[in-house]
Amino acid sequence: MKTSQKALVGLSVSGLVTLAPFLLMVLSYAMADIAGCELAAIGVSPCKVAGVEVGELLYSVSVMGWLFLVILPIGTLLIPLCLLWWLIANRKERIPEPRGRSHF
């Protein structure tokens with residue numbers, strides 16, 4: 001795997017890890033809204049979907065949104081660093097290496 005591909009994978013993973021807690025929180029609120037359940041930060045509310053109690057799961061996933069406050073500063077540093085790494089690696093791979101010695 002080329003260095004630029006590794007940098008692009010690093011950029012993608014750091015972006016996904018940074019946004020994952022927020023996306024999971026939004027998804028849990030959307031699922032609760034679709035199921036007609038109340039999802040509050042106070043505690044677990046009863047919620048049944050297809051006969052299965054999912055209130056505890058939705059509450060747990062919605063609380064993961066607080067993790068976003070911790071991960072966001074880390075991602076704010078990692079994403080630009082990975083982007084810079086990708087740009088430098090991509091530029092180095094495009095510049096051809098000299099093939100032989102010059103007599104000049």
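In this text, all values refer to a predicted model and were calculated from it rather than measured experimentally. For this chain, numbers begin at 1 and follow the sequence in order.
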Of the options Ile88, Leu84, Leu83, which is the one that meets Trp86 in a side chain to side chain contact (heavy atoms under 4.5 Å, CB included)?
->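 When side chain to side chain contact (heavy atoms under 4.5 Å, CB included) is applied between Trp86 and each of Ile88, Leu84, Leu83, only Leu83 qualifies.
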Honestly curious: do [X] and [Y] fall in one hydrophobic cluster under the side-chain, below-4.5 Å linking rule?
X     : Y     : value
Val54 : Val26 : yes
Met64 : Leu57 : yes
Met31 : Val52 : yes
Leu11 : Leu87 : yes
Tyr59 : Leu69 : yes

Tell me, do [X] and [Y] make a side-chain contact under 4.5 Å, heavy atoms counted?
X     : Y     : answer
Thr18 : Leu78 : no
Leu27 : Leu23 : no
Val63 : Trp66 : yes

Distance-minimising heavy-atom pair for [X] and [Y]:
X     : Y     : result
Ala32 : Leu39 : CB-CB, 3.9 Å
Ser14 : Cys82 : OG-SG, 4.1 Å
Cys47 : Leu58 : SG-CD1, 4.1 Å
Pro21 : Phe68 : CB-N, 3.8 Å

Can you tell me how far CZ of Phe22 sits from CG of Leu72, rounded to the nearest 0.5 angstrom?
->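 Separation between the atoms: 10.5 Å.
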